[in-house]
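Following: one structure in structure tokens, then a few remarks.
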Amino acid sequence: MSITFPYRRPYFAAAMLMLGGASLASGQTTKALKATPNTLPARAAARFKLTAPDLESKGRITLTHVFNGMGCNGQNISPALEWGNAPAGTKSFAVTMYDPDAPTGSGWWHWVMYNIPASATGLPAGAGNGRNAPRGSAQGNTDFGTKGYGGPCPPVGDKPHHYHITVFALKTDRLDVPGNATSAYIGFNLNANKLATARVTGLYGR
């Protein structure tokens with residue numbers, strides 16, 4: 001004996017209608033995806049970069065850039081530097097050279113130059129000695145007690161020290177610091193105004 005369900009046909013029709021709607025929606029979504037070009041993450045901006053072409057392979061610092069005094073007999077010439085891909089909004093640059101390995105408890109500041117124009121893409125060799133320094137730039141006191149570049153001169157027998165040369169891209173065109181400001185004072189202002197930094201590290205021991 002067969003049983004007849006009087007509502008079977010309306011239910012069946014409704015189910016088919018729902019399936020058809022879902023299929024249509026799926027097809028429309030697929031078409032939309034095909035019509036939309038592949039969206040990839042935006043390419044990251046090129047990284048702010050610093051190079052020191054005067055340094056030997058593996059970052060070894062030569063006598064050309066070593067201090068002349070305190071038992072060292074180098075030529076004390078600041079190395080040439082080149083940088084690129086500064087961030088948007090850069091209004092000036094600054095350069096520092098710091099030795100964290102110096103046996104002082106606070107490291108040793110070897111070089112501080114700031115108010116370098118935003119148009120600069122590097123420094124020629126000797127810029128820290130006043131040779132062809134960018135117009136308008138200024139130099140701060142180092143831990144040698146003088147302004148300008150002072151090269152490496154670690155204690156005899158120490159493992160090679162690390163000399164961090166850092167270029168700062170700044171959001172200000174001029175640092176408002178006194179002429180006799182210490183390296184730490186200038187460093188505070190550099191970090192307060194930096195947009196980005198780039199670094200190379202040189203090694204020297206004797």
Side-chain angles (χ1 to χ4, degrees), residues 42-67 74-100 107-144 146-152 161-177 179 181-204:
R43 179 178 294 180
R47 187 177 64 176
F48 186 34
K49 186 176 181 180
L50 171 67
T51 58
D54 285 352
L55 301 187
E56 287 188 339
S57 61
K58 298 184 179 179
R60 296 288 175 175
I61 296 174
T62 65
L63 282 176
T64 301
H65 312 296
V66 171
F67 190 66
Q75 297 177 39
N76 199 50
I77 298 174
S78 65
L81 302 175
E82 298 174 357
W83 58 76
N85 300 321
T90 297
K91 295 184 178 180
S92 69
F93 296 101
V95 169
T96 65
M97 180 170 162
Y98 175 73
D99 172 14
W108 192 278
W109 290 97
H110 286 262
W111 188 19
V112 180
M113 178 179 277
Y114 55 98
N115 295 344
I116 301 170
S119 58
T121 57
L123 295 174
N129 310 95
R131 304 176 188 174
N132 299 315
R135 183 182 298 275
S137 63
Q139 300 204 73
N141 290 308
T142 68
D143 285 332
F144 289 104
T146 58
K147 294 184 178 181
Y149 175 82
H161 286 204
H162 296 75
Y163 296 88
H164 298 317
I165 302 173
T166 305
V167 58
F168 292 75
L170 303 174
K171 61 184 177 182
T172 181
D173 58 359
R174 191 170 187 81
L175 289 185
D176 184 19
V177 297
T182 64
S183 297
Y185 187 97
I186 296 172
F188 174 85
N189 283 272
L190 292 179
N191 283 286
N193 288 281
K194 71 179 179 183
L195 294 172
T197 60
R199 173 183 292 176
V200 294
T201 298
L203 294 171
Y204 183 72

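We use all heavy atoms of the structure for the numbers below, so side chains are in, but hydrogens, waters and symmetry mates are not.
Thr96 has its side chain within reach of Leu190: a pair of non-hydrogen atoms, C-beta onward, lies under 4.5 Å apart. At a threshold of 4.5 Å between non-hydrogen side-chain atoms, the residues Val95 and Leu81 count as touching. Taking the side chain as every heavy atom from C-beta outward, Leu170 and Tyr114 never approach each other to under 4.5 Å.
The aromatic rings of Phe93 and Trp83 sit tilted, their planes meeting at an angle between 30° and 60°.
Between the side chain of Gln139 and the backbone N or O of Gly128 there is at least one donor-acceptor pair closer than 3.5 Å. Side chain of Thr172 to backbone of Arg174: a donor-acceptor contact under 3.5 angstrom is found. Side-chain atoms of Lys147 come within 3.5 Å of backbone atoms of Gly179 as a donor-acceptor pair (strictly under, hydrogens ignored). Side-chain N or O atoms of Tyr149 include one that pairs as donor or acceptor with a backbone N or O of His65 at under 3.5 Å. Formation of a donor-acceptor pair under 3.5 Å by the Asp143 side chain with backbone atoms of Trp109 is found in this model. Without hydrogens or angle criteria, Asn76 side chain to Gly151 main chain gives a donor-acceptor distance under 3.5 Å. Of the possible polar contacts, one joining the Ser78 side chain to the Gly126 backbone as a donor-acceptor pair under 3.5 Å is found.
For residues 115-134, the set of pairs meeting the side chain to side chain donor-acceptor pair (under 3.5 Å) definition, not counting sequence neighbours, is empty. Pairs of residues two or more places apart, or lying in two chains, that qualify as side chain to side chain donor-acceptor pair (under 3.5 Å) and include a residue from residues 185-197 are Asn191-Lys194.
Here the straight-line distance linking atom CD1 of Ile61 with atom CD1 of Ile165 works out to 6.0 Å at 0.5 Å rounding. Atoms CG and CZ, on Leu55 and Arg60 in that order, are 11.5 Å from each other to the nearest 0.5 Å. The CG atom of Leu50 sits 10.5 Å away from the CZ atom of Arg199 when rounded to the nearest 0.5 Å.
In terms of heavy-atom proximity, Leu203 sits nearest to Lys58 at CD1-O, 4.0 Å. Nearest heavy-atom pair, Pro87 versus Phe48, reported as atom, atom and distance to 0.1 Å: CD-CG, 4.3 Å. Heavy-atom minimum distance, Ser137 versus Ala133: OG-CB, 3.9 Å. Of all heavy-atom pairs between Val200 and Ala52, the closest is CG2-CB, 4.0 Å. Nearest heavy atom pair, residue Thr90 against residue Ser92, reads CG2-O, 3.5 Å. Scanning both residues, Thr201 and His162, for their nearest heavy atoms gives CG2-CB, 3.9 Å.
Residues His110 and Thr142 have side chains that never bring a donor and an acceptor to within less than 3.5 angstrom of each other.
Scored by the ring pair (Phe, Tyr, Trp, His ring centres under 6.0 Å) test, Tyr204 finds no partners at all (sequence neighbours excluded).
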Handout entry: Stepwise side chain to side chain contact (heavy atoms under 4.5 Å, CB included) check, Ile77 with Asp54
Key = CA-CA 11 Å; Ile77 298 174; Asp54 285 352; over 6 Å; no
